[in-house]
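To start, the structure under review is shown below, and the notes come after it.
Hydrogens, waters and symmetry mates are skipped; everything else that's a heavy atom, side chains included, is used.
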Amino acid sequence: MPPSKPVRSEKTLHDVSHEAGLYPVEAYEFVQQGLAYTVRKIHGICKDEGRVMRHVSGQELCEGIRDFALNRWGLLARTVLAKWNIRRTNDFGKIVFALVENGILQATEADTPDDFREVYDFTRAFEREYRFEKLI
């Protein structure tokens with residue numbers, strides 16, 4: 001989902017959030033941070049990030065966002081996301097494609113909102129499968 005070339009948009013995340021009306025600006029910021037986390041996790045750190053396309057699929061992004069949220073909030077991740085009206089992986093797709101439609105992100109021709117459809121169940125992904133790390 002990251003752009004293959006520099007993206008120029010006159011709109012801010014606040015503008016996109018306000019126009020879409022579905023999610024607060026914090027949700028858009030979180031998805032962008034989750035995208036950066038996922039790209040680094042899959043492709044590693046790139047010294048010249050502005051000139052290299054480092055694509056991730058919708059499913060990879062959903063998995064990365066889950067890891068990012070669990071690392072940030074632990075068992076509260078699902079609660080925080082729900083506060084922002086994010087209750088399914090489809091919501092990540094709606095946010096990503098709102099950013100694409102407004103020129104903030106770019107997608108390949110093969111990317112579709114369906115790539116985000118029901119990638120995982122939120123209850124299972126954020127609660128039942130959460131593993132506590134042992135502190136030694």
Please determine whether a side-chain nitrogen of the Lys or Arg among K83 and E26 lies less than 4.0 Å from a carboxylate oxygen of the Asp or Glu. no
Are I95 and F30 close enough, and set up right, to give a side-chain contact (heavy atoms from CB on, under 4.5 Å), and what steps lead you there? CA-CA 10 Å; I95 290 170; F30 173 75; over 6 Å; no
Is any side-chain heavy atom of V31 less than 4.5 Å from a side-chain heavy atom of Y23?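 No, every pair of side-chain atoms sits at 4.5 Å or beyond.
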So, for [X] and [Y], which heavy atoms are closest and what is the spacing to 0.1 Å?
X: F97; Y: P113; result: CE1-N, 3.6 Å
X: Y28; Y: L13; result: CB-CD2, 4.1 Å
X: L35; Y: V56; result: CD1-CG2, 3.8 Å
X: N85; Y: L22; result: ND2-O, 3.1 Å
X: E118; Y: N90; result: N-OD1, 3.0 Å
X: P24; Y: S17; result: C-OG, 3.3 Å

[X] [atom1] to [Y] [atom2] distance, which is reported to the nearest 0.5 Å:
X: I65; Y: R72; atom1: CD1; atom2: CZ; value: 11.5 Å
X: R78; Y: R66; atom1: CZ; atom2: CZ; value: 13.5 Å
X: H55; Y: Q106; atom1: NE2; atom2: CD; value: 11.0 Å

State whether the side chain of [X] and the backbone N or O of [Y] hold a donor-acceptor pair below 3.5 Å, judged by distance alone.
X: R87; Y: A82; answer: yes
X: D115; Y: Q59; answer: no
X: D91; Y: R88; answer: yes
X: D121; Y: T123; answer: yes
X: D67; Y: G64; answer: no

Residues that T89 engages under side-chain contact (heavy atoms from CB on, under 4.5 Å), provided they are two or more places apart: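 So T89 forms a side-chain contact (heavy atoms from CB on, under 4.5 Å) with C62, F92, V119, Y120, F122.
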Go through the steps to decide whether I104 and Q32 satisfy the test side-chain contact (heavy atoms from CB on, under 4.5 Å), and finish with yes or no. CA-CA 10 Å; I104 295 172; Q32 281 194 311; 3.4 Å; yes
Show your working on side-chain contact (heavy atoms from CB on, under 4.5 Å) between F116 and L61 and close with a plain yes or no. CA-CA 9 Å; F116 295 85; L61 180 54; 3.9 Å; yes
Listed partners of D15 passing salt bridge (charged side-chain N to carboxylate O under 4.0 Å, His left out), at least two apart: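 Partners of D15 by the salt bridge (charged side-chain N to carboxylate O under 4.0 Å, His left out) criterion come out as none, since no residue qualifies.
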